[in-house]
J.: 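Let me begin by handing over the structure; questions about it come next.
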Amino acid sequence: MNKLLIKSILVFLLISCGNNASFENFYNLGERRVFKKRINLVNHPNIYISKNSKDDFLDSAQQLQEILSEITQVHFKIEQRDFTKSADDPGIYLGYINPNKHFELTTSLVEHKNFKDREAFILESNTAKKQLLVLSHHKKGVKRAVYKILFDLGYRLYSPADYWEYIPSSDSLWVSYKESFSPSFLGRTSFEGYSTWPELESSLGKYKEVNQFTENYLALRHFQWKIKQEYAEELEENPSYFVEVNNEYQVGGNLNPSEARVHEIFEEFALDWLEKNPNDEAFSVEPDDGNGGICNSIPCLDIGEYASDHVVHIANTLARKISSIDFNGRKKFVGFYAYNQHSHPPALKAEENVITYLANGFIRAKDMKFEEAYKLWSEKVKELGMYEYSAVYQWYKGVDERSRIADLDTMLKTIKFVHDNNGKYYKSEGADNYTPYAFNYFMIKRSLWDIKEIKNKDKYYEEFLEQMFEDAKEEMREFFLYLDHKHPLKFSLEKVRKQFSVLRAALTHELSEQSRKRIEHLVIYTQSLRLLYEYQKDLNLDTRQEKFKKYIMFTYRFRKLHLNHSHAAYVLLDANDGLVKIPDGATRNVRESLNPWKSSEPYTQEEILGFLGAEDDLILPDHLNLSSPVVYLDELSTASFKGNYYDLFNRGHYFQGDKSYLIYLKKGQELQFKYLFGYIKHYRELGFSPRISISKLNDRKELIADYRDLKKDGLFYEFDESISEEGLYLIDVFSLGGGVLEFKNDLNVSEVSEDLVIKLEKEDVKLSLDAFGDHGAYRYFYVPAGVSEFTFYSGSGRGKILNPSGQVVLDLQENSDVSQKDSYHKIFVDPEEAGEVWRVQKAQKPFRIYGVNPFLATHPNRLIIQSDVR
């Protein structure tokens, strides 16, 4: 009799038996577990913990008790027992795997004192005794087991905010286990860059614990500054203890790997540190961030060519010393990041007890992508992992779609690669944006605990939408698409308007209070994006300060909802924006009762509905209003200027990040182009999808094509549809690693600001360019007649402005007084130089020009200008 026939008979018998007791006597051929091992925990609601170690397990038992009681509405009781004398009653047993082997286990777990095995545990069902055994060699293993059980029973915690917990309801809890478990990644840590508010630490801690993250027991961090502080007097007397660069000691920089005394200092400090911090499993020798340069003295070059060799050399010396010491039977490690100056794969091989995290970014190995560098590092370091940048506020500045967490598929692909290449550790620098990216963070954490879960992503996403939003799940599916890195519509008020529209539709359903609250949280989040946009785009000093204040106050007020990194916004935004200021008395360290910018007043229903507003209230400001008729100037013409201009990009338009191009299509011309997505090979091979959209600008912005209409041709994507109607077109593109647009015809193409100012109003218009690299390229712009001044903004501290005669009127690099980043500079225009073309040179990303014609071009004859300002 074949297996299919057997299975058919059993299915028939199971259906016939229904839910009676005989159901347990049949095998399920699709599972390796058997039904006769299943136990209904509700019938035996007792949780037993070892009397001799109750303090180790009481917290885990209480967590299990609380959730199981909530699921079943049956009170689960906690009782202390001496397992060596009494362990025969039905129920759940939490405890150590006792050397006396009182429990009749068929599953084994090897005991190790190394931290690597402390999270391993056994779950075993004993049908005869009606018991579920939850056992480990360490209390951490029991805690992980408890959350494993709760997860399998359907419990979820998607965000640290209230209402984002899902507790199923059931009058029976069938479980069946007979195996041991351990995590796919031994280290799974994350932290919020630029810290968080103290009152949030508890909710964040619970959230990470439930989702099986670990504390930072490896303690890898930039650490040499602390050693230099401790030995300041000795270091001051011995400049040779610092790295030597071009025959000069870099006093105050990183420590010199070729100095014997430096190794002794590391040893003394490390042993003292590990004695005072016994829970730390590793001591970090990580250098300060790029401080002092790479040592190139003869003794240093004898150690190795790369800075990574110098760090490995210090780590190895200390690792050998530490491995010779007995730390109460616990193995200790030495660690550092493979990062920045010391990211190049080393020639030296690391000792067995050296741990390294390769940063997924800041790899300073020429033409080497993360995967290639990782494989080379893995040949030199046995204990290897990755350092990820899931959401760094200083980079994305509140626009979450620009962070890596917004590209879940790429993050999971990298995690899978690291695991498949013997990666064991993961650390992520992130932000407190856990609620809008609830599922993305959930999936990352699931995959780190069990790498096989990656294949279940789609199943879990459907579950998430159903559990969190009930009948509004389809509207919320559309909402989360707007937060995805790959969405063709970029951060703008138009996008915010669409998000509001979807949220309004979601709230029309009959929903539970919990689901409604979750959607309302995302309404508040979307309102914060609107406030952020309005603040960032306002150049009037008075109104910009007011809008900045409104945004900071708003983010502080919603901090407990974990919508965006409000603490980082409070810390960073005014520091990075010279046009705004948090006044004394309102700074983040001033407590709420004395701080006029702080309020913890809950949002009312009326406020939240006010954020949504009626459809008519969601129109954009006049100069960006793309949902009502837009007035263009009657005539547009192309510039044609005589002169010998330098034209570096005579064919392709190079860009990085977000970019918009305005095309003026004349009669008889066709709009066709090629798009090289990911100019830099490293980024192209990470797996990002192209993001591009084409719009016709008539009385409104009309989307006519996007990346789905492109055809792949080798490395290029081609758009060869026939677009020939005369008029204005806008192409919006994004490429993380740089891109090139190559137009097939001699079209008039100008770079424009990302929000395309429609009306020519001098207080509104701006140019924007995110140039990549220092390649000496020019960008040309037109200063209309009558303009007496304009403003140049530099986000990099680099760039030149040249007047029509080629004279440099501003050079940030040559003038130290004006070379600071995030700086604004007034450029005064001689009346004879107005009505002419000016140039920008060597301006690294980003720079902007305010108060002039809103177009840039790679050649003056490509400029599009308004006829009435010629």
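Numbers here are sequence positions counted from 1. From a predicted model like this one, the values you see are computed outputs, not experimental measurements.
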J.: Could you grab the distance from atom OG1 of Thr410 to atom NE2 of His485, nearest 0.5 Å is fine?
T.: 7.0 Å
J.: For the atom pair CG (Leu563) and CG (Asp432), what is the distance rounded to the nearest 0.5 Å?
T.: 8.5 Å
J.: If you measure from the Lys or Arg side-chain nitrogens to the Asp or Glu carboxylate oxygens, is any gap between Glu119 and Arg144 under 4.0 Å?
T.: yes
J.: Is Lys424 atom NZ crowded by more than 12 heavy atoms from other residues, nucleotides or ligands, each under 6.0 Å away?
T.: yes
J.: Can you tell me how far CZ of Arg118 sits from CG of Leu186, rounded to the nearest 0.5 angstrom?
T.: 12.0 Å
J.: Within 45° of the ring axis of Tyr556 and under 6.0 Å from its six-membered ring centre, is that where the NZ or CZ of Arg559 lies?
T.: yes
J.: Consider only side-chain N and O atoms of Glu429 and Tyr387, and report whether a donor and an acceptor are under 3.5 Å apart.
T.: yes
J.: Side chains of Trp395 and Ser403: donor-acceptor distance under 3.5 Å anywhere?
T.: no
J.: Short question: side chain of Arg156, backbone of Glu165 - any donor-acceptor pair under 3.5 Å?
T.: no
J.: Looking at Tyr570 versus Trp197, is the centre-to-centre ring distance below 6.0 Å?
T.: yes
J.: Under the 3.5 angstrom rule, does the side chain of Ser184 hit a backbone N or O of Ile451 as a donor-acceptor pair?
T.: yes
J.: Do Lys550's NZ or CZ and the ring of Tyr535 fall within the cation-pi criteria of under 6.0 Å and 45°?
T.: no
J.: Is a side-chain N or O of Thr604 found less than 3.5 angstrom from the main chain of Glu607, in a donor-acceptor match?
T.: yes
J.: Any donor-acceptor pair under 3.5 Å linking the side-chain atoms of Thr435 with those of Ser159?
T.: yes
J.: Specify whether Tyr461 and Phe464 have parallel, tilted or perpendicular ring planes, treating 30° as the upper limit for parallel and 60° as the lower limit for perpendicular.
T.: parallel
J.: Can a donor-acceptor pair be found, under 3.5 Å and without considering hydrogens, that links the side chain of Ser69 to the backbone of Phe76?
T.: yes
J.: Answer with yes or no whether the side chains of Thr189 and Thr214 bring together a donor and an acceptor at under 3.5 Å.
T.: no
J.: For residues His521 and Asp162, report the shortest heavy-atom separation together with the two atoms involved.
T.: CE1-O, 3.3 Å
J.: Under a 3.5 Å distance rule, please check whether Thr72 uses its side chain to pair with a backbone N or O of Leu68 as donor and acceptor.
T.: yes
J.: Judged by atom type as modelled, is there a donor-acceptor pair below 3.5 Å linking the side chain of Lys598 to the main-chain atoms of Asn595?
T.: no
J.: In plain terms, say whether Arg516 and Glu513 are close enough for a salt bridge, that is, a side-chain N and a carboxylate O under 4.0 Å apart.
T.: no
J.: Do you know which two heavy atoms are closest between Phe491 and Glu401, and how far apart they sit?
T.: N-OE2, 3.1 Å
J.: Return the orientation label for the Phe554 and Phe611 ring planes: parallel under 30°, perpendicular over 60°, tilted otherwise.
T.: perpendicular
J.: Evaluate whether atom CD of Gln73 has more than 12 neighbouring non-hydrogen atoms of other residues, nucleotides or ligands under 6.0 angstrom away.
T.: yes
J.: Set out, in order, the CA-CA distance, both residues' side-chain angles and the distance that settles ring-ring contact (aromatic ring centres under 6.0 Å, His included) for Phe442 and Tyr437, then state yes or no.
T.: CA-CA 9 Å; Phe442 163 83; Tyr437 288 92; over 10 Å; no
J.: Could you report the tightest heavy-atom contact between Ala431 and Glu192, atom names first, then the distance?
T.: C-CG, 4.1 Å
J.: Can you list the steps and then say if Tyr166 with Tyr158 is a ring-ring contact (aromatic ring centres under 6.0 Å, His included)?
T.: CA-CA 8 Å; Tyr166 178 77; Tyr158 289 111; 7.7 Å; no
J.: Evaluate Phe439 against Phe480 for ring-ring contact (aromatic ring centres under 6.0 Å, His included), listing each step before the verdict.
T.: CA-CA 10 Å; Phe439 179 75; Phe480 288 116; 8.8 Å; no
J.: Shortest non-hydrogen contact from His565 to Ser195?
T.: CE1-O, 2.7 Å
J.: Working note: Glu592 + Ser599, criterion side chain to side chain donor-acceptor pair (under 3.5 Å); need CA distance, chi angles, decisive distance, verdict.
T.: CA-CA 7 Å; Glu592 188 173 313; Ser599 170; 5.2 Å; no
J.: Listed by chain and number, what are the salt bridge (Lys or Arg N to Asp or Glu O under 4.0 Å) partners of Asp574, not counting sequence neighbours?
T.: none
J.: For a quick test of reading the model, state the closest non-hydrogen atom pair linking Ile149 to Tyr177 and the distance between them.
T.: CA-OH, 3.8 Å
J.: Just by distance, no angles: are the side chains of Glu520 and Tyr525 close enough, under 3.5 Å, to form a donor-acceptor pair?
T.: no
J.: Return yes if a side-chain donor-acceptor contact under 3.5 Å exists between Asn564 and Tyr396, otherwise no.
T.: yes
J.: Check for me whether the distance between the ring centres of Phe362 and Tyr389 falls short of 6.0 Å.
T.: yes
J.: I need the Ile355 CD1 to Leu384 CG distance, nearest 0.5 Å.
T.: 10.0 Å
J.: Please state whether the rings of Tyr434 and Tyr441 are parallel, tilted or perpendicular, taking 30° and 60° as the class boundaries.
T.: tilted
J.: Regarding Thr414 and Glu388, do their side chains bring together a donor and an acceptor under 3.5 Å, going by distance alone?
T.: no
J.: Once you round to the nearest 0.5 Å, how far does CG of Leu531 lie from OH of Tyr551?
T.: 8.5 Å
J.: For His509 and Ser515: C-alpha separation, side-chain torsions, deciding distance, then whether side chain to side chain donor-acceptor pair (under 3.5 Å) applies.
T.: CA-CA 10 Å; His509 292 280; Ser515 289; over 6 Å; no
J.: More than 12 heavy atoms of other residues, nucleotides or ligands under 6.0 Å from CD of Glu199: yes or no?
T.: yes
J.: Does the pair Glu478 and Lys498 meet the rule for a salt bridge (charged side-chain N to carboxylate O under 4.0 Å, His left out), with working shown?
T.: CA-CA 10 Å; Glu478 181 180 351; Lys498 290 180 181 296; over 6 Å; no
J.: Flag yes if more than 12 heavy atoms outside Lys455 fall under 6.0 Å of its NZ atom; otherwise flag no.
T.: yes
J.: Is the distance between the ring centroids of Tyr425 and Phe185 under 6.0 Å?
T.: no
J.: At what distance, to the nearest 0.5 angstrom, does NZ of Lys416 lie from OG of Ser447?
T.: 10.5 Å
J.: Is it the case that the side chains of Lys427 and Tyr337 hold a donor-acceptor pair, with the cut-off being a distance below 3.5 Å and no angle test?
T.: yes
J.: Taking only Lys NZ, Arg NE, NH1 and NH2, and the carboxylate oxygens of Asp or Glu, determine whether Lys413 and Asp409 approach each other closer than 4.0 Å.
T.: no
J.: Take Lys473 and Glu466 through the test salt bridge (charged side-chain N to carboxylate O under 4.0 Å, His left out) and record every step on the way to the result.
T.: CA-CA 6 Å; Lys473 65 180 182 180; Glu466 181 73 35; 2.9 Å; yes
J.: Using modelled atom types and a 3.5 Å cut-off, is there a donor and acceptor pairing between side-chain atoms of Arg188 and backbone atoms of Trp449?
T.: no
J.: Any side-chain to backbone donor/acceptor pair from Ser136 onto Ala120? Under 3.5 Å, distance only.
T.: yes
J.: Any carboxylate oxygen within less than 4.0 angstrom of a Lys/Arg side-chain nitrogen, looking at Glu462 and Arg477?
T.: yes
J.: Look only at the side chain of Ser60 and the backbone of Phe57, and say whether a donor-acceptor pair between them is shorter than 3.5 Å.
T.: no
J.: Take Glu453 and Tyr460 through the test side chain to side chain donor-acceptor pair (under 3.5 Å) and record every step on the way to the result.
T.: CA-CA 9 Å; Glu453 290 281 45; Tyr460 282 138; 2.8 Å; yes
J.: Write down the atom of Ile405, the atom of Asn440, and the distance for their closest heavy-atom approach.
T.: O-ND2, 2.6 Å
J.: Assess whether a salt bridge exists between Arg446 and Asp450, defined as any Lys/Arg side-chain N lying under 4.0 Å from an Asp/Glu carboxylate O.
T.: no
